[in-house]
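Report on one structure; see the data block that follows.
This structure is a prediction, so every number in the text was calculated from the model and none was measured. The sequence lines fix the lettering, A, B, ..., with proteins before strands; numbering per chain opens at 1.
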Amino acid sequence: MNYWLMKSEPDAFSIDDLAKCDDQTEPWDGIRNYQARNFMRDQMKIGDKVLFYHSSCKVPGVAGIAKVVKEAYPDHTSWDQNSKYFDPKSSKEEPRWFMVDIQLERKFESAIALTELKKTAGLESMALLKRGNRLSIQRVSEDEFQIIESMG
DNA sequence: GCCAACGTTGGC
DNA sequence: GCCAACGTTGGC
């Protein structure tokens, strides 16, 4: 099993929004970065665990845990001209972008702030804490995942 | 709103 | 295929 961290801006889609979805499940659409796409398309498997991270907000941090319930399939917003995620280079016949479905597993009572993560032993090598890392989907080690899960 | 870091684009 | 310019991300 793999462990991941996925960023979302809570103004756009928060963990509470996920909680309100049917089956608390939602496609993770709009990924337009090749490295992040490749993670989803090539490595994410059903049952993989996801740290749901809130970014670009007052208190950035991990808001809870979700899991992968559907493996990669084409992101239809990429050929929808009315979508903000529209990409003219992607088509139904030759999809360029993919998404997975995520289901909420547990929302933390209070989010674990980035500032807390930075102080926590064992997380020093997380990509999230490295300067300049902007990737919206990142791998997390099993140890790192369990440390954060136990904090929530 | 600033700015560093990084990905993408496009001219050559 | 190089690389400068530009756009985006995201913490602060």
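- Between A/Lys7 and the phosphate of C/dG10, there is a side-chain N or O to OP1/OP2 separation shorter than 4.0 Å.
- Across the protein-nucleic acid pair, A/His54 atom NE2 and C/dG10 atom P stand 13 Å apart, rounded to whole Å.
- At whole-Å resolution of the value, CD in A/Gln138 and P in B/dA5 are 17 Å apart.
- The distance from atom CG of A/Asn133 to atom P of B/dA4 is 18 Å, rounded to the nearest whole Å.
- The distance between atom CG of A/Leu135 and atom P of C/dG10, rounded to the nearest whole Å, is 9 Å.
- Note: A/Phe52 and A/Phe13 have tilted aromatic rings, judged against thresholds of 30 and 60 degrees for the angle between ring planes.
- If you take CG on A/Asp75 and CD1 on A/Ile31, they are separated by 8.5 Å, rounding to the nearest 0.5 Å.
- With 3.5 Å as the limit, one finds no donor-acceptor pair spanning the side chains of A/Tyr34 and A/Arg41.
- One interatomic measurement links the two molecules: CZ of A/Arg134 to P of C/dG7, which rounds to 14 Å at whole-angstrom precision.
- Between the CG atom of A/Asn33 and the P atom of C/dG7 there is a distance of 18 Å, rounded to whole Å.
- Residue A/Lys118 is in sugar-phosphate contact alone, with no base atom involved, counting any heavy-atom pair closer than 4.0 Å across all strands shown.
- Look at A/Tyr53 and you won't find any side-chain N or O under 4.0 angstrom from OP1 or OP2 of C/dT9.
- Rounded to whole angstrom, the span from the CG atom of A/Leu114 across to the C1' atom of C/dT9 amounts to 14 Å.
- Side chain of A/Arg96 to main chain of A/Ser78: no donor-acceptor pair is present (N/O by atom type, distance under 3.5 Å, no hydrogens or angles).
- What separates OH of A/Tyr85 from C1' of C/dT8 is a distance of 13 Å, to the nearest Å.
- Residue A/Lys89 is in sugar-phosphate contact alone, with no base atom involved, counting any heavy-atom pair closer than 4.0 Å across all strands shown.
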